[in-house]
Number of protein chains: 2
Amino acid sequence: MLPPTLLAMTIDVVPFAICAERLAVLLARHSAGWRLPGGSIGADEDLDAAARRHLVEQTELGEVYLEQLYTFGQPDRDPGQRTVAVAYYALVPAGRPPVDALPIADRVRWASVDALPALTLDHGEIVALAHRRLAAKLAYSTIALQLMPERFTLSELQAVHETILGEPLDKRNFRKRILALDCIEVTGDMARRGGHRPARLYRAKRPGQVDFIK
Amino acid sequence: MLPPTLLAMTIDVVPFAICAERLAVLLARHSAGWRLPGGSIGADEDLDAAARRHLVEQTELGEVYLEQLYTFGQPDRDPGQRTVAVAYYALVPAGRPPVDALPIADRVRWASVDALPALTLDHGEIVALAHRRLAAKLAYSTIALQLMPERFTLSELQAVHETILGEPLDKRNFRKRILALDCIEVTGDMARRGGHRPARLYRAKRPGQVDFIK
DNA sequence: TTATGTTAGTGTCAATTTAACACTATTACA
DNA sequence: TGTAATAGTGTTAAATTGACACTAACATAA
């Protein structure tokens, strides 16, 4: 058997969050345009660790849900050097210190997935695949909780689902389903926002953990 | 941004087939033990193409369903050189020329997934993950057809499902479900094997294509 | 203080889907 | 001609899903 080939490898991360009722991706400035956060893999570094490191270094987003998505290796995906990219996606809870407030604010930017600027290489396809995967997982896991702040209302959780799926959901059926999953619990406090009836605040029963359904 | 790291990369393929009513993996001989088929990636070769090439070269299995599984990159997964492995799994239809008859017969061997010999590196975990993925896909795709010969009976298809899932299925419910999927059609011919009523032979309506359900 | 606007919260019923279940049909072979 | 073995077939109850509309609670403004 031949020795393994040495290939240029990178990590690319699709950091998702809900911004202004839209599914948004955090992009990093790149020469004239935009790219996904990411970069090289340390000689002795785990792939997951590299993804997390780049996220922290470039976006200051630590402690987020991270999952390997797919490995992109078409020889011509990078017109310069042939590069294999291991793609991840991350879910950033709402309510984290907004990027605008950070010193890196001029290097990154949240962009809605349905109004992305042109991205370098195949990063647009990577975002599209990540979006499909995320949408599919809503049906059989509690993954959406990873996009929520520590305490949230059921209406907010429903809005997140609707935003990702791109379609409205029935309020009563949604609540029935979520509560039956036994993945969230009431905090006892209420959210008083706006001139209307306050909503119960819930929290995840097992924060950070994604449960599979059925 | 730092330049991408050069890393040793390999492809590993889990070639699944049903052998003697068991889910089996085709292993390649490796020094004293066994490993998954696979190897290096050509400098200008697509990852999928590399997986297919290694499969053909080492096992003479061409024209099989192939799907990327996961990329394994723990720094210590190979005690020698640090190596990143892009894992694939392949589904080999029953009824292909049996490996035993090939000139490579002394270099490879089918082993049942529930009686695997010790495999090199983390190849055991790769097989386990591939098995879980395959089992999960039975629920929402027509992927099992990729393990069937060109013509097959419903009982044979059910046996394949049962073998992968490791649990018995109800005959009438199974047949109802499969036929409702509209993914197979009768050939008109009958399978006459053994001293009992012959079974209708079916074929895939869209061979090579995996449809998703619901 | 009262009316209005806005979102929160709740239950039923029909339709569909799922899961359990047993017998007859057809062949080879003894 | 009987026996062994697998093929093939429907019904029913239970569970799940999906559609659907009103009252509750608050802020604000008149």
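By convention in this document, chain letters (A, B, ...) are assigned in the order of the sequence lines, proteins followed by strands, and residues within each chain are numbered from 1.
The number of heavy-atom neighbours closer than 6.0 Å to CD of A/E60, taken from other residues, nucleotides and ligands shown, is above 12. In this structure, B/E185 places its CD atom where more than 12 heavy-atom neighbours from other residues, nucleotides or ligands lie under 6.0 Å away. The neighbour count for B/E21 CD, taken as heavy atoms of other residues, nucleotides or ligands under 6.0 Å away, does not exceed 12.
The phosphate of C/dT18 (OP1 or OP2) has no side-chain N or O of A/K214 nearer than 4.0 angstrom.
Listed by chain and residue number, B/R200, B/Y202 satisfy the side chain to side chain contact (heavy atoms under 4.5 Å, CB included) test with B/V186 (two or more places apart in sequence, or in another chain). With sequence neighbours excluded, the residues forming a side-chain hydrogen bond (donor to acceptor under 3.5 Å, both in side chains) with B/D211 are B/R206, B/Q209, listed by chain and number. By the side chain to side chain contact (heavy atoms under 4.5 Å, CB included) test, B/A87 is found to be paired with B/L69, B/F72, B/I126, residues two or more places apart in sequence or in another chain being considered. By the side-chain hydrogen bond (donor to acceptor under 3.5 Å, both in side chains) test, B/E162 pairs with B/Q158, sequence neighbours left out. Evaluation of the side chain to side chain contact (heavy atoms under 4.5 Å, CB included) rule for B/D182 yields B/K205 as partners, not counting sequence neighbours. Residues passing the side chain to side chain contact (heavy atoms under 4.5 Å, CB included) test with B/V99, sequence neighbours excluded: B/L26, B/V108, B/W110.
Contact check for B/L157 versus B/F174: side-chain heavy atoms found under the 4.5 Å cut-off.
Annotation: salt bridge (charged side-chain N to carboxylate O under 4.0 Å, His left out) contacts involving residues 101-117 of chain A, sequence neighbours excluded, comprise A/R22-A/D114. The list of salt bridge (charged side-chain N to carboxylate O under 4.0 Å, His left out) pairs with a residue in residues 133-147 of chain A, not counting sequence neighbours, reads A/E67-A/R133, A/E67-A/K137.
Atom CZ in B/R200 sits roughly 15 Å away from atom C1' in C/dT27 (whole-Å rounding).
Listed in residue order, the members of residues 147-166 of chain A having a heavy atom less than 4.0 Å from DNA chain C are A/S155. Within residues 187-198 of chain A, the residues having any heavy atom closer than 4.0 Å to DNA chain C are, in order of number, A/G195, A/H196, A/R197, A/P198. Interface residues of residues 172-185 of chain B facing DNA chain C, ordered by number: B/R172, B/N173, B/K176; criterion, heavy-atom separation under 4.0 Å.
On the nucleic acid side, DNA chain D has its first and last nucleotide under 4.0 Å of a heavy atom of chain B at D/dA4 to D/dT11, going 5' to 3'.
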Checking side-chain contact (heavy atoms from CB on, under 4.5 Å) for the pair B/Q68/A/T71: CA distance, chi angles, key distance, verdict?
-> CA-CA 8 Å; B/Q68 189 182 304; A/T71 296; 3.3 Å; yes

